[in-house]
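The structure appears right after this line, and notes come after that.
Chain A is the first sequence line, chain B the second, and so forth, proteins listed ahead of strands; every chain is numbered from 1.
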Amino acid sequence: MTSNFVNIEGVNHRYGDIKALIDIDLNLAEGGLIGFVGPDGVGKSTLLSIIAGVTKIQDGSVKVLGGDMASKSHRDSVRPQLAFMPQGLGQNLYGELSVEENIRFFSSLFGISKDLTDIRMNELLQSTDLAAFSERRAANLSGGMKQKLGLCTILIHEPSLLVLDEPTTGVDPLSRRNFWQLVRDIMRRETNTTVLVATAYMDEADEFDRLVMMDAGRIFATGAPAEIKKQTDAATLDDAYESLLSSGWTRTVRAQRSRKPRGNREIVIEAKDLTRRFGKFTAVDQVNFQIRRGEIYGFIGPNGCGKTTTMKMLTGLLQPSAGTARIYGRVVSAGDTHWLHRLGYMSQQFSLYSELTVRQNLLLHGRLFDLPRDSLDARIADLADEFELTGYMDQLASELPIGIRQRLSLAVAIIHQPELLILDEPTSGVDPLAREKLWESFRTLSEDRNTTIFVSTHYLGEAERCDRVALMNEGRLLADDTPDALLANTKTDSLEDAFVAFIEDDRARASASQLAGGAMQ
Amino acid sequence: MMWQSLGHIYTLGLKELISLRRDPVLLIFVLYALTLQIVIAGEGLSFQVRNASLGIVDEDKTQLSRSIASAFRPPYFSYAQPRTFNEIGAALETRDNDFVLVIPPKFQADLLAGETPHVQINADATAVGQAFIGTNYIRQIVLRKVTEELDILPEDNRLSFGPKIRVRYNPNLISKWQDALVELLIVITMLTILLPGAALLREREHKTLEHLLAMPVRPVEILFAKFWANSIVLLAGAGISMVLVIQGYFGSPMRGSLLLFLVGTFVYQFSTAGIGILLATITRSVPQLGLLAILVIAPIAFLSGAWMPAESMPEQMKILTAISPLTYYSEFANAVVFRGAGIALLWQKLVAMAAIGGVCFGYAMMRLRSHLTIGRV
Amino acid sequence: MNFGRIWSLIQREYTEISRDRFRLVSVFLVPNILFVIFSFGLTLDMENIAYITLNDDRTPQSRTYLDGYAQSRFFKHIGHVSSRPELARRIETGEARFAIEITPKFGRDLALGLEPEVAISIDGAMTFRAETLRGYVKAAHAANLCATIRFETGEPCRLEPVRFEPRYWFNQGLKSKVAFVPGMIAAILLFSSALSSALAVVREKELGTITNFYTAPTSRLEFTLGKQLPYVAIGMVNFVLHVVLAIYLFGITMTGSMTALTLGAILYVIAGTGLGLMVSCFTSSQLAALLVTFIITLVPAFLYSGLLAPVSNIAGVAKYVAQGFPAMYFHNISVGTFAKGFGVANLVKDYLMLAGFSAAFFAASVQLLKKQKK
């Protein structure tokens, strides 16, 4: 029976011409927290949703909970034991419905009585700290809260197999910790619960009971985290992933953090009490910082903390509600387009034209930056070389693997050799290998061409590569210093711990000032 | 600066054309709308009398009354069905008959005696247009038969022939020509409002718009690029539809110059693209644009005078028709296609359309930047 | 089938719509605005048709004759022209819809007892207007000529050997609105109920919440019912609003049975929302769903429903287009109950057809809905 818990043989899956899954064989026993690891687009989501019976099986056999998932009657009969949470923050929630209404709706779908729903809902709301927000609409919750509510909605019918697709992507480190705590609690209480979870964070994967490592539609390793690390003789899973994937790839020695101090160079970007409100919501709250020429300045924080909004105000795409943004000493304003010749901007989502080829995208942007025609071809050839795009020049951007797409974005952003680069989450969803290459490029630009780079990320690991780091949460800048100084100040040895310490500290201060305010009245 | 701007508009427009080429579903939809949709609409019902079913209560039963009854035949009327006087109400109620003609007793005798007999025409007036036109037809058919059979002329021969009426441009009043042309105009309206608007919103959803605005590209350049690229494609479609569907399938004449029609269409597209882009800047998503566009397109189509004679609309409506660019465009298109008018006569219409477009574009331009901030949070 | 589950689906759909201001406006306000605008605008009662005159005769007789037109409320004199090219030009621009041309011998001929020559040119580009105009102008010519003869010569004038007595049934004054307002209820109601439900499923596909349908023990039948019923309710609210507007704003009298009309409306709204739902089930984006619904309902709702001319009279392929679409059956119900005094018994055939459409669209939606992702 146990061997039949999840049993997959010869599964293939394709979307049009793209092969999402290739010859997948997998056996999972009941119980435990099982992680599916790999960057975006390797087939994790497809595999999980096939296991959950959400996606139709194209080829191969899939047996889950003792029966064939190709059979409708089996799927119908195991529905109450299964739960599936799709990828994306709050993807399965109804934004217009309140927290409580969402939970009640899911409960009614499974025909659970009102009394039982009340009991279970109260328990869930308590354990997720959502009880205070039960009237709030799902659309107005923060990313972390949405994911916790998502978990509540799928737990209300007490399933025995939970399938979670990247539940923590883009959630702040503290909420992430809470989320896993919650999952662990449930597994302790309901001992026969099995959790299948996909993640792109290698550090999370360290905590799982068992890992399924995937790349390009194939499973290339399975086992407990410790086994995998041992097998590859790697210190971290990140390293293990890289070495398993690319035997023979010679790794460049990582640049050390010891760089020349850049403290007394000219100030390129200056934000002063920069604030942006959307209605009642303050997205960016009195943010101050300075970035000097040639610096790599990292902006770290979860999705929705205000990184993007700040960057948009710096490029003139958004008007600040209060405060000023200066670039090269001039106040940024919307109508002023002249200085944009000196700026390279890469926005969070892939923002090139996916229906154009690589070459067409480069040409389009070169022309829009008014590069002389005769030198444009040469420039494009240089960039293609530098970013290893030569083999992809006539492919549509939509067909590129995500890592190459981001390289193209960066190539486009620097086609006019700007002095300043503003990059919004350039490495999001990119596999570790490609991320490595991107960071090398940033480093080269900064050192060889003295380009100022303002870059944001939600991978805390990347923060260590910046000259200076700003930690941002809920619209506020919590700290702004060199990575070493941040570690020293918080007496921690990882930036993740440092960040969590800053968030806790910030919350403590906020509630203290509330208390003080209350006392004074 | 000027040349740079034109360069940007050109480059961005080319990009737009490539994007369109890569969207086969959209192109098929455009093709469908410009061909089959126009055929369906042209073949649909409009105000005309076709195959109207006629009943006859013949209380005279003479050579004359029988000859009148046999004069009704397709395509305008069905062959006459004999009815009794008591059946009239039921026949009209159930739509078995649209008209019931009552020929009184002694009809022929009265006429020969120089009396004026009364003929009753019963019509189902819930079909207003048909009742009105059909009654006139019946009247003419009866008079013609009376004249032919009995050689009776009005006493005063000064009234024998009536005026010399010449219907210009479409002597047989073939309504399909106009119905098809009107549908073409409406399809052009719909597509030119939706395509540039949706293209702009798509750029916003895919974040490519803010990418452009973070480059030395001005909003005006982006909007004009969208306009010219989408217009060129639809202009080609409109030309093909004009030649293949309107002239080819329906056999409509083209009295003026096709080139002038296309020039006017281009100017018209400037005004509708302006409306579309303006709508895009006040909505947050493509479905919202779709709903809003329907609210705008339906009355534009309806009130432009293209379906309904604009003269007879209530005063309040005339204000709306005056600001609808389709009012001018449909006048323009009718004048060029059916009446062969030249540009010398029609430049005012072009100016009116361009002015409406200018206002919309101007306002959209002002909104474009602030537009980026809505939809967040 | 689990009714509790259907009920909670309905409740959720309802709550979502009621909290989304944009959808609320588009679902209730838009159809009623369109109903009012269209009902006001759709009229065949032609008045003030612009015409020009070219008078080469300039006798008192010809002036009397022309005065007859000027005094009619149907026509509006916008000026004299002095040459034929000018006359042609002003028709070409669309300024004037027709022109009356009087030859130099008008007065003389009339005095000599000959028929004077009058040439009337009508712009035929808009066929219905031209058709109507031809009727108006002919009648006006005879009447004006007679009046001129009586006035100038003092002789009697008999117009026609036969006196025609038109009797306009169900609409004695031959008023446009009596037929068009009830007809418009049919056209708008189909259009709006199909559009409102067109987003129902495809929206969940775009937002991702359709996954909950894949994972929950909801059957396709339950899901479809839960989706459709809220829009049926919305459609019925719109129906009531349309009827209230028709009666109180446009002053249309209800001569038949309100029950018969309402029964028809329920079936019609089920068919309309079913059509939208069906589109929603096979399209993959909200824009596509809107466009497809817009295209497949607008033209048939207006041109094939019987709004402009009775469907029963058309032949060929067009007839099948009309019959394969619910609009003409409810058009018959609406016009029948409002103007012809119909009750339920008169309309059984139409009810059956509408019920058939409702069932077919519903079944197609259930079939097109997939319980798994591809």
(message) More than 12 heavy atoms of other residues, nucleotides or ligands under 6.0 Å from OH of Tyr363(B): yes or no?
(response) no
(message) Taking every non-hydrogen pair under 4.5 Å, which of Leu396(A), Asp370(A), Leu364(A) racks up the most with chain B?
(response) Asp370(A)
(message) Take a 6.0 Å sphere around OH of Tyr328(A) and say whether it holds more than 12 heavy atoms from other residues, nucleotides or ligands.
(response) yes
(request) Look at atom OH of Tyr392(A) and say whether more than 12 heavy atoms of other residues, nucleotides or ligands are closer to it than 6.0 Å. (result) no
(message) Quick check: closest heavy atoms across Leu368(A) and Pro216(B), and the distance to 0.1 Å?
(response) O-CG, 4.1 Å
(request) With a 4.5 angstrom heavy-atom cut-off, could you sort out which part of Ile422(A) is near chain B: side chain, backbone, both or neither? (result) neither
(request) Begin from the C-alpha positions of Leu352(A) and Thr208(B) and carry the test side-chain contact (heavy atoms from CB on, under 4.5 Å) through to its verdict. (result) CA-CA 6 Å; Leu352(A) 301 180; Thr208(B) 47; 5.9 Å; no
(request) Please report the shortest heavy-atom distance between Lys15(B) and Tyr353(A), naming the atom on each side. (result) NZ-CE2, 3.4 Å
(request) Starting at CD of Glu355(A), measure out to CG of Leu20(B) and round the result to the nearest 0.5 Å. (result) 9.0 Å
(request) Report the distance from atom NE2 of His211(B) to atom OG of Ser409(A), rounding to the nearest 0.5 Å. (result) 7.0 Å
(message) Would you compute the distance between atom CD of Glu210(B) and atom OH of Tyr345(A) and round it to the nearest 0.5 angstrom?
(response) 4.5 Å
(message) Rounded to the nearest 0.5 Å, what separates atom OG in Ser347(A) from atom CG in Leu213(B)?
(response) 11.5 Å
(request) Could you tell me whether a side-chain N or O of Arg367(A) sits under 3.5 Å from a main-chain N or O of Thr11(B), the two making a donor and an acceptor? (result) no
